[in-house]
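Working notes, beginning with the structure itself.
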Amino acid sequence: MQLDSVLDDRRPVRFIKIDAQGGALNILTGALAALGQTLGVEAEIELAPMYDGEPLFGEVDAFLRSHQFELVDLRPTYWRREAGKHLEGTRGQIIFCDSLYLLSPAAFAARVDRAAAEGRDHLCASVLLICDVYGLVDWVAAYASALRVSGLPADLLEGYLTHRQPARMPAFPLSYHLGQWLKDLGDRLVESSATWGVAEQRLGNKPRLGRQLVRRLWRRAANR
């Protein structure tokens, strides 16, 4: 059964998420109609063989790129080899990853241009929601720019960029070096001999620290 055969034609598919143990490419090839409506795809894809006859990352990536999707981010998972699992400070070999793809800005603008007025609003609202979920503010700007270049309205996307409130830590001397040291510390805590696999925790630009905590830290530093 193909994905296209079970979808409701009256409701456009704007995002596809796949976690199918090696079945990502088979699902996508059965969803060509859905991909003509979709703005983003998140899929678990293997980089090393885990299942018999499964397509690996290169094939899935080539397929999505052929449909005008661009790779945005990867969330890798590493497995430690049996011979070295007792050695601390090693994360092992990358085995699979959660990958995030978005429709290219040029392809998005072309799709908006072909849509009716109501459909244009739905496309812009959908791509804005997807980008906000993954913290991809730069992609919102890229989509807005592509619409302007094509002579299309980008009010919704530009309004988001104008009114968003970024939560950033203030800059201070040696902040970059401190950040690198904290990353190294985190790796040492996670990549211990007690763990057989290590996985990144985020996809996109969503912060590890909660937004409210970052804002409190920012205000505290700014008031000093």
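- The distance from atom CH2 of Trp79 to atom CD1 of Ile95, rounded to the nearest 0.5 Å, is 6.0 Å.
- Looking at Asp121 and Leu156, their side chains never come closer than 4.5 Å, going by heavy atoms from C-beta outward.
- Under the 4.5 Å side-chain heavy-atom criterion for Ile, Leu, Val, Met, Phe, Trp and Tyr, Val127 and Val149 are members of distinct hydrophobic clusters.
- Put simply, the side chain of Ser175 never gets that close to the backbone of Ala171: no donor and acceptor are under 3.5 Å apart.
- Evaluation of the salt bridge (Lys or Arg N to Asp or Glu O under 4.0 Å) rule for Arg75 yields Glu42, Asp98 as partners, not counting sequence neighbours.
- In terms of modelled atom types and a separation under 3.5 Å, the side chain of Thr29 and the main chain of Asn26 share a donor-acceptor contact.
- Under the 4.5 Å side-chain heavy-atom criterion for Ile, Leu, Val, Met, Phe, Trp and Tyr, Leu56 and Val60 are members of distinct hydrophobic clusters.
- Between Ala144 and Leu157, the closest heavy-atom pair is N-CD1, 3.7 Å.
- Between the side chain of Arg120 and the backbone N or O of Asp113 there is at least one donor-acceptor pair closer than 3.5 Å.
- With Arg111 contributing its side chain and Thr38 its backbone, the two residues share a donor-acceptor pair below 3.5 Å.
- Partner of Glu54 under the side chain to side chain contact (heavy atoms under 4.5 Å, CB included) criterion, chosen from Glu59, Glu46, Gln21: Glu46.
- Within the 4.5 Å cutoff, the side chain of Phe15 has heavy atoms near those of the Lys17 side chain.
- For the pair Val41 and Leu100, the minimum side-chain heavy-atom distance is 4.5 Å or more.
- Remark: the backbone N or O of Ala142 is not paired with any side-chain donor or acceptor of Ser145 at under 3.5 angstrom.
- Closest approach of Leu123 to Ala115, counting heavy atoms only: CD1-CB, 4.0 Å.
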Would Leu128 and Ile130 count as a side chain to side chain contact (heavy atoms under 4.5 Å, CB included) if you check the C-alpha gap in whole Å, the side-chain angles of each, and the deciding distance to 0.1 Å?
CA-CA 5 Å; Leu128 179 57; Ile130 293 168; over 6 Å; no
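- In the displayed structure, Arg81 atom CZ is contacted under 6.0 Å by at most 12 heavy atoms of other residues, nucleotides or ligands.
- Judged purely by distance below 3.5 Å, without hydrogens or angles, the side chains of Tyr134 and Asp73 never pair a donor atom with an acceptor atom.
- Put simply, Leu178 and Leu185 are part of the same group of oily side chains (I, L, V, M, F, W, Y) that touch within less than 4.5 Å, one to the next.
- Under the 3.5 Å distance criterion, with hydrogens and angles disregarded, no donor-acceptor pair is assigned to the side chains of Arg14 and Gln37.
- Atoms SG and CG, on Cys131 and Leu129 in that order, are 9.0 Å from each other to the nearest 0.5 Å.
- Between Tyr160 and Asp132, the closest side-chain pair of non-hydrogen atoms falls below 4.5 Å.
- Nearest heavy atoms, Ala106 versus Ala146: N-CB, 4.4 Å.
- Closest of all the heavy-atom pairs between Gln2 and Gly30 is CB-O, 3.5 Å.
- The line from CG of Leu39 to CG of Leu102 is 8.5 Å long, rounded to the nearest 0.5 Å.
- Heavy-atom contacts from other residues, nucleotides or ligands closer than 6.0 Å to CD of Glu118 number 12 or fewer.
- When atom types are taken as modelled, the side chain of His67 and the backbone of Phe63 share a donor-acceptor pair closer than 3.5 angstrom.
- Shown here are the salt bridge (Lys or Arg N to Asp or Glu O under 4.0 Å) partners of Glu70, two or more places apart in sequence or in another chain: there are none.
- The structure places CZ of Phe69 at 7.0 Å from CD1 of Ile16, a figure rounded to the nearest 0.5 Å.
- Between the CG atom of Asp61 and the OG atom of Ser99 there is a distance of 8.0 Å, given to the nearest 0.5 Å.
- A distance of 5.0 Å separates CD1 in Ile94 from CG in Leu47, rounded to the nearest 0.5 Å.
- Looking at Leu147 and Cys124, their side chains come closer than 4.5 Å, going by heavy atoms from C-beta outward.
- Between Ala141 and Leu161, the shortest heavy-atom contact is CA-CD1, 3.7 Å.
- Scanning both residues, Ile45 and Phe57, for their nearest heavy atoms gives CG2-CA, 3.4 Å.
- The main-chain N or O of Cys97 is never found under 3.5 Å from a side-chain atom of Thr77 such that the two would form a donor-acceptor pair.
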